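What you are looking at is a predicted structure, and each value in this text was computed from that prediction instead of being measured.
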Amino acid sequence: MGYGFNNLNMHKIKLSVFPFNTGAVKAYTKAGFVKEGTSKDEIFYDGQWVDFDHYAIFQEDWLASHQ
């Protein structure tokens with residue numbers, strides 16, 4: 001994220017993750033990502049339709065936490 005925000009001057013970095021992937025969700029939130037929303041029944045996975053959660057972090061928030 002440092003490269004994206006410092007070198008590329010990105011305003012926002014976002015990602016999507018299965019909500020049942022608790023390890024990834026924990027890592028992303030620990031890194032400062034905030035949940036922005038959910039796409040209901042977005043992906044057909046393991047024989048069923050599952051949700052996809054969307055997370056993002058903004059440049060100003062990341063920079064404030066890394067001073």
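Annotation: the span from Ser16 atom OG to Phe52 atom CZ amounts to 5.0 Å, rounded to 0.5 Å. Between atom OH of residue Tyr45 and atom CZ of residue Phe18 there is a gap of 6.0 Å, rounded to the nearest 0.5 Å. Atom-to-atom distance recorded for Ile43:CD1 and Gln48:CD is 12.5 Å, nearest 0.5 angstrom.
Residues satisfying the side-chain hydrogen bond (donor to acceptor under 3.5 Å, both in side chains) test with Lys14, not counting sequence neighbours, are none. Partners of Asp46 according to the side-chain hydrogen bond (donor to acceptor under 3.5 Å, both in side chains) rule, which considers only residues two or more places apart in sequence or in another chain, do not exist here. For Glu42, there are no side-chain hydrogen bond (donor to acceptor under 3.5 Å, both in side chains) partners, not counting sequence neighbours. For Ala24, the side chain to side chain contact (heavy atoms under 4.5 Å, CB included) partners at least two apart in sequence or on another chain are Val17, Asn21, Tyr28. Applying the side chain to side chain contact (heavy atoms under 4.5 Å, CB included) rule to Thr38 yields the partners Lys35, Lys40, Asp51, Asp53; only residues at least two apart in sequence or on another chain are considered.
For Asp61 (side chain) and Ile57 (main-chain N/O), no donor-acceptor pair under 3.5 Å exists by modelled atom type.
Classified by interplanar angle (parallel below 30°, tilted 30° to 60°, perpendicular above 60°), the ring pair Phe5/Trp62 is tilted.
A donor-acceptor contact under 3.5 angstrom links the side chains of Asn9 and Gln59, judged on distance only.
Under the 4.0 Å criterion applied to side-chain N and carboxylate O atoms, Lys12 and Glu60 are not assigned as salt-bridge partners.
A 4.5 Å side-chain heavy-atom check between Phe20 and Val50 finds at least one atom pair inside the cut-off. The closest side-chain heavy-atom distance from Met1 to Phe33 is below 4.5 Å.
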For this session: Kindly determine whether Val34 and Thr29 satisfy side-chain contact (heavy atoms from CB on, under 4.5 Å), including the steps that lead there.
Result: CA-CA 6 Å; Val34 176; Thr29 55; over 6 Å; no
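Under the 4.5 angstrom side-chain criterion for Ile, Leu, Val, Met, Phe, Trp and Tyr, Phe58 has no cluster partners at all.
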